[in-house]
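Every chain is numbered from 1, with letters handed out A, B, ... down the list of sequences. This is a predicted model, so every value here is computed, not measured.
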Amino acid sequence: SAVISQKPSRDICQRGTSLTIQCQVDSQVTMMFWYRQQPGQSLTLIATANQGSEATYESGFVIDKFPISRPNLTFSTLTVSNMSPEDSSIYLCSVGTGDGEQYFGPGTRLTVT
Amino acid sequence: GQNIDQPTEMTATEGAIVQINCTYQTSGFNGLFWYQQHAGEAPTFLSYNVLDGLEEKGRFSSFLSRSKGYSYLLLKELQMKDSASYLCAVRAGGSYIPTFGRGTSLIVHP
């Protein structure tokens, strides 16, 4: 398994501002992902964070809105840019291990007012 | 794409056994996950099945039948703290990334 931490755990932000969420893993992992979970909904993949190259975004998500960095195999950031109330959600970092299992961080609860 | 179906909600009594089913339609199946998610918290990994059969981990067991596109999560000796949403997720089509079902909300009552 992997131990994953995220910062901040929660935040309340104003419309039009940006928030950067950090994800730290206690071991080197090849696969890192960012998900969003809106209230009462299941998990939606935003993008795969690729080490040393641009992230791979899912349909409906773009780099200008959700820029992602992954400078090494244990760390990634997701920025939610120019926020609107519709961006209020839980944002989750996830990692895939070599044996095929996938684990989630504790999440960042974002409220946009 | 993938079609993953699980019941929206289930209720059960403390101390009892409950089985949460998940059916899926996909091509190139490559693994099925079960996660537990308490309200306001992140999903917690429970199991990962790739081959047919039953895998037991303490009070929780997960079963897979690839030919039937079917899995279940079995929870024994239910406790109040087992009240949570249980997510089924399927990995398929050569992708590492699983697709998540909408989850089953389990309510355990005394």
Answer yes or no: is there an ion pair linking [X] with [Y], defined by an N-O contact shorter than 4.0 Å?
| X | Y | result |
| --- | --- | --- |
| B/R59 | B/D82 | yes |
| B/E56 | B/K76 | yes |
| A/D87 | A/K65 | yes |

Counting only non-hydrogen atoms closer than 4.5 Å, does [X] touch chain B with its backbone (N, CA, C, O), its side chain (CB onward), both, or neither?
| X | result |
| --- | --- |
| A/Q102 | both |
| A/S94 | neither |
| A/L92 | side chain |

Using side-chain contact (heavy atoms from CB on, under 4.5 Å), reason through A/W34 and A/L78 one step at a time and then give a plain yes or no.
CA-CA 7 Å; A/W34 287 98; A/L78 168 74; 3.6 Å; yes
